[in-house]
There are 2 protein chains.
Amino acid sequence: MSNAQAPDRTSRREQILKEAARLFAERGFHGVGVDEIGAAVGISGPGLYRHFAGKDAMLAELLVGISERLLAGGRMRVAEGGESPEAVLDALIDGHIDFALDDRPLITVHDRELDRLREADRKRVRQLQRQYVELWVEVVRRVHPGPSESQARAAVHAVFGLLNSTPHLGRPGALPGRTEMAELLHRLALGAFGAVAGEPVTGESVGAGVPGA
Amino acid sequence: MSNAQAPDRTSRREQILKEAARLFAERGFHGVGVDEIGAAVGISGPGLYRHFAGKDAMLAELLVGISERLLAGGRMRVAEGGESPEAVLDALIDGHIDFALDDRPLITVHDRELDRLREADRKRVRQLQRQYVELWVEVVRRVHPGPSESQARAAVHAVFGLLNSTPHLGRPGALPGRTEMAELLHRLALGAFGAVAGEPVTGESVGAGVPGA
DNA sequence: AGATGAGGTTAACGCCCATTAACCCGGATG
DNA sequence: CATCCGGGTTAATGGGCGTTAACCTCATCT
């Protein structure tokens with residue numbers, strides 16, 4: 001047996017997964033070859049097959065991994081339960097924002113390449129996603145009891161789209177830094193949720209009497 | 001010379017583009033073969049080359065087309081200029097929602113496959129996108145003068161993510177119908193923009209005292 | 001020291017797929 | 001009537017790429 005459990009820093013597998021995620025995000029699953037992935041970690045081509053059954057296996061592990069971490073994180077935050085539902089929602093939002101800002105490539109791959117998975121894996125990922133959504137829906141409905149469940153669900157989907165928008169950003173510089181960005185996204189998400197209920201807004205009901213030019 | 005300008009209903013080219021968009025959205029650019037695209041319009045394989053220079057050309061025309069239509073629509077709505085900036089923003093939002101709901105596949109392809117384009121086309125698309133964003137930024141800043149320009153830009157990006165979230169929706173039934181969905185998205189977008197400025201929200205400041213059950 | 005196995009390497013195989021070649025047909029043109 | 005030519009067809013070509021085969025080389029264990 002061996003006792004050396006810290007080969008370097010991160011195990012080779014994780015290093016590969018990280019680079020694969022980045023490449024998949026940049027050019028799509030079909031767009032990147034195994035040789036490139038190998039090159040990205042210093043080995044070349046088929047050497048990857050010592051660590052993964054194939055290219056598909058890497059994608060599967062990535063997607064299942066993300067989904068599990070997201071759900072686990074969400075459950076944790078709900079379980080820790082703040083004093084108020086509002087606090088829980090805040091925690092959920094912050095958690096998701098951290099994820100979106102830190103693991104940008106994963107987010108991208110997450111909702112781009114789901115259908116390249118084998119039936120079994122895809123089902124698993126979808127199930128995890130669904131549970132994560134329902135987690136949010138419950139909390140949102142606790143904070144905003146007005147709207148129907150389907151409205152709440154659609155709103156949650158939409159807010160995910162909002163929070164996951166960071167990958168689509170242009171070159172940095174025209175945009176706020178990380179902390180400011182996190183702040184902003186948080187406000188935007190809360191603002192959106194706050195508007196789920198309410199009369200058919202016509203734009204007047206939000207712009208707080210700003211005269212403008 | 002010919003005078004027959006209405007071959008059937010939509011020209012063959014457009015029919016091909018439509019199917020190609022659907023397929024690209026479903027399985028990604030690299031994921032679908034020319035034979036499939038051909039089959040989708042009743043001809044098979046290389047017959048497509050009578051209409052397009054190649055697979056890439058289809059993608060290019062799709063992406064440039066979307067971007068141009070979005071920008072043109074946006075400019076039109078701004079030019080028609082409602083009485084108030086608020087009305088213009090409403091119009092922009094509605095326009096984008098119509099687009100997101102009606103041309104779902106295009107939206108998907110839009111921000112998935114941009115990098116598969118030839119340098120020239122990609123530059124053009126990016127430029128159109130940028131102009132579209134700036135159009136929104138101006139209007140948003142007119143309605144909400146508080147926040148900085150970079151904040152406004154980030155908010156616009158985020159709201160695009162929100163509005164474009166429809167493609168990611170699960171199977172229909174768990175979600176509102178089209179008109180209700182449009183209504184909801186509109187409210188969410190306004191809610192988000194309304195929250196761009198404002199003190200560091202903690203969740204309490206939004207739940208508008210709805211007593212509920 | 002010798003065995004072993006983890007982790008690489010390069011070469012070869014085979015499939016998939018975009019593109020091209022070569023050929024075909026029916027209708028408008030003149 | 002002969003001629004184009006737009007719009008198809010199938011067969012061939014060629015490159016890219018995932019995967020497998022065969023071989024190599026250190027650490028580590030006995």
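FYI, side chains are in, hydrogens and waters are out, and symmetry mates aren't considered; it's all heavy atoms of this structure. Residue numbers begin at 1 in each chain, while the letters A, B, ... track the order of the sequences.
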Original post:
For A/Phe52 and D/dT19, what is the distance between atoms CZ and P respectively, to the nearest whole Å?
Top reply: 13 Å
Original post:
Does the ring of B/Phe29 carry B/Arg112 above it, NZ/CZ under 6.0 angstrom from centre and within 45° of its axis?
Top reply: no
Original post:
With sugar-phosphate meaning primed atoms plus P, OP1 and OP2, does B/Gly33 contact a base, only sugar-phosphate, or nothing at under 4.0 Å between heavy atoms?
Top reply: sugar-phosphate
Original post:
Where the side chain of B/Pro46 is defined as all heavy atoms beyond and including C-beta, which of C/dT9, C/dA21, C/dA18 is the nearest nucleotide?
Top reply: C/dA21
Subject >> Donor on one side chain, acceptor on other, A/Arg126 and A/Gln129, under 3.5 Å >> reply: no
Original post:
What is the distance from CZ of A/Phe29 to P of D/dC17, rounded to the nearest Å?
Top reply: 13 Å
Subject >> Contact nearer the 5' end of DNA chain D, comparing B/Ser44 with A/Ala53 >> reply: B/Ser44
Subject >> Straight-line distance of A/Arg130 CZ to A/Leu71 CG, nearest 0.5 Å >> reply: 12.0 Å
Original post:
Atom CE of B/Met58 to atom C1' of C/dC17: distance rounded to whole Å?
Top reply: 13 Å
**OP:** Starting at atom NE2 of A/His30, determine the distance to atom P of C/dC17, rounded to an integer number of angstrom.
**Re:** 9 Å
Original post:
Which nucleotide in the list C/dT9, D/dG18, C/dT20 gets nearest to the side chain of A/Tyr49?
Top reply: D/dG18
**OP:** To the nearest 0.5 angstrom, please state how far the CZ atom of B/Arg122 sits from the CG atom of B/Leu63.
**Re:** 11.5 Å
Subject >> Test salt bridge (charged side-chain N to carboxylate O under 4.0 Å, His left out) applied to A/Arg187 and A/Glu183, step by step >> reply: CA-CA 6 Å; A/Arg187 282 207 303 270; A/Glu183 252 271 323; 2.6 Å; yes
Original post:
Starting at CD1 of A/Ile37 and ending at C1' of D/dC17, how long is that distance when rounded to a whole Å?
Top reply: 12 Å
**OP:** For B/Gly45, report the nucleic acid contact type (base, sugar-phosphate, nothing); a contact means any heavy atom under 4.0 Å.
**Re:** nothing
Subject >> Per A/Val34 side chain, nearest of listed nucleotides D/dG18, D/dG8, C/dT19 >> reply: D/dG18
**OP:** Check every atom of C/dG8, D/dT19, D/dT9 against the side chain of A/Ile43 and return the nucleotide holding the closest atom.
**Re:** C/dG8
Subject >> Touch class at under 4.0 angstrom, heavy-atom based, for B/Val32 against every strand present >> reply: sugar-phosphate
Original post:
What is the distance from NE2 of A/His51 to C1' of C/dG7, rounded to the nearest Å?
Top reply: 6 Å
Subject >> Atom-to-atom span, CG of B/Leu48 to P of C/dT20 - whole angstrom >> reply: 13 Å
**OP:** From the options C/dG7, C/dT19, D/dT9, select the nucleotide whose nearest atom is closest to the side chain of B/Asp56.
**Re:** C/dT19
Original post:
Hey, is the side chain of A/Arg50 pairing donor to acceptor with the base of C/dG8 inside 3.5 Å?
Top reply: yes
Subject >> Distance, rounded to the nearest Å, where A/Asp35 contributes CG and D/dG18 contributes P >> reply: 7 Å
